[in-house]
Amino acid sequence: MKTIGLIGGMSWESTAEYYRLLNEFIRDRLGGLHSARCVLYSVDFAEIEQLQVQGRWTEAGEILAAAAQALEAAGADMVLICTNTMHKVADHVEAAVSIPLLHLADATAEAVRASGLHRVGLLGTAFTMEEEFYRGRLEAGGLDVRIPDADGRAIVHRVIYEELCLGVVREESRAAYQKVITDLVAAGAEGIILGCTEIELLIGTEDCPVPVFPTARLHAAAAVHAALSGTQNASGEAPATRA
């Protein structure tokens, strides 16, 4: 089993989900008492959030690049940035290490394509929804990406930073998200990408009239698939091709 390197803490609420998912996927694939080999570097999100607000992305990239280097030095065989928004500095992080970076948008686009869908709505932070670093990567992967209107984007962004990143899950916010999703579906979205790892704390398949694509879960599954490539399960059989 290869060692998965995680750059987390953005926020720690969703990073905890990554840890749970990785271990559940490994358990399901290998059985018995197996758990994930992983190394976590958890940053101080307050520092990162201030750099985001101030547009100091180069400095934020340097922090994450140093985290990736620490993970490589600790024995990680791959790196995951456990947040959609900070993939804005993915190139900086990737250039800092010799081990592969598993890009979250690539794992997501692959899952959407595998489902047979093409036109999707994207929920996330304002950075993720409005800028090209993430939407452009999805579109390069063959997807037609739609985002909410300005009011919808403001609601989605506010709930992420003021509630979900603090572990607050409110029914009123779930209803507000469902309204945004309904509008995207009415505009032609065949599925919804939960393009912020915290959104999975609020929205599930039962809250959406079309398929949802939970990016943290998809990213963790891709990491487990990479970590187990060439290994065997507890019965001595090769594992399935996907987690």
Counting distance only, does the side-chain N/O of [X] pair as donor-acceptor with the main-chain N or O of [Y] below 3.5 Å?
X	Y	answer
D77	K2	no
R119	G188	yes
N23	A36	yes
Q52	W57	no
T15	G9	yes
H34	R27	no
T85	T128	no
S229	H225	yes
R146	A187	yes
Y177	V156	yes

V39: what forms a side chain to side chain contact (heavy atoms under 4.5 Å, CB included) with it, not counting sequence neighbours? T3, L71, A74
Atom of [X], atom of [Y] and distance for their closest heavy-atom approach:
X	Y	answer
P148	M129	CD-SD, 3.7 Å
A221	F25	N-CE1, 3.6 Å
G141	R113	O-NH1, 2.8 Å

Does the side chain of [X] reach to within under 4.5 Å of the side chain of [Y], using non-hydrogen atoms?
X	Y	result
L138	V112	no
V224	L21	no
V169	R174	yes
V210	E190	no
E13	L164	no
D91	E94	yes
R29	L228	yes

Determine whether I7 and M86 satisfy the following criterion, side-chain contact (heavy atoms from CB on, under 4.5 Å), listing intermediate values before the conclusion. CA-CA 10 Å; I7 304 177; M86 291 311 295; over 6 Å; no
Would you mind checking if [Y] and [X] are paired as a salt bridge, meaning a charged N to carboxylate O distance below 4.0 Å?
X	Y	answer
D149	R153	no
E200	R217	no
E17	R20	yes

From T197, T215, T83, residue fulfilling side-chain hydrogen bond (donor to acceptor under 3.5 Å, both in side chains) relative to S14: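 In the set T197, T215, T83, the residue that makes a side-chain hydrogen bond (donor to acceptor under 3.5 Å, both in side chains) with S14 is T197.
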Starting from the C-alpha separation in whole Å, work towards a yes-or-no answer on salt bridge (Lys or Arg N to Asp or Glu O under 4.0 Å) for E130 and R135. CA-CA 8 Å; E130 296 172 1; R135 284 174 54 198; over 6 Å; no
If hydrophobic clusters are built from ILVMFWY residues whose side chains come within less than 4.5 Å, do F133 and V120 share one? yes
In sequence, state the C-alpha distance, the side-chain angles, and the governing distance for L117 and F213, and then conclude on side-chain contact (heavy atoms from CB on, under 4.5 Å). CA-CA 11 Å; L117 301 184; F213 297 91; 4.0 Å; yes
Is it the case that the ring center of W12 lies less than 6.0 angstrom away from the ring center of Y18?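 They do not qualify: ring centres at least 6.0 Å apart.
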Step by step, work out the side-chain contact (heavy atoms from CB on, under 4.5 Å) result for I160 and I199. CA-CA 7 Å; I160 290 168; I199 294 177; 4.2 Å; yes
Side chains of residues 98-107: which donor-acceptor pairs under 3.5 Å do they make with residues two or more places apart or in other chains?
residue, atom, partner, partner atom, Å
S98, OG, E72, OE2, 2.3
H103, ND1, A105, N, 3.1
D106, OD1, R137, NE, 2.8
D106, OD2, R137, NH2, 2.7

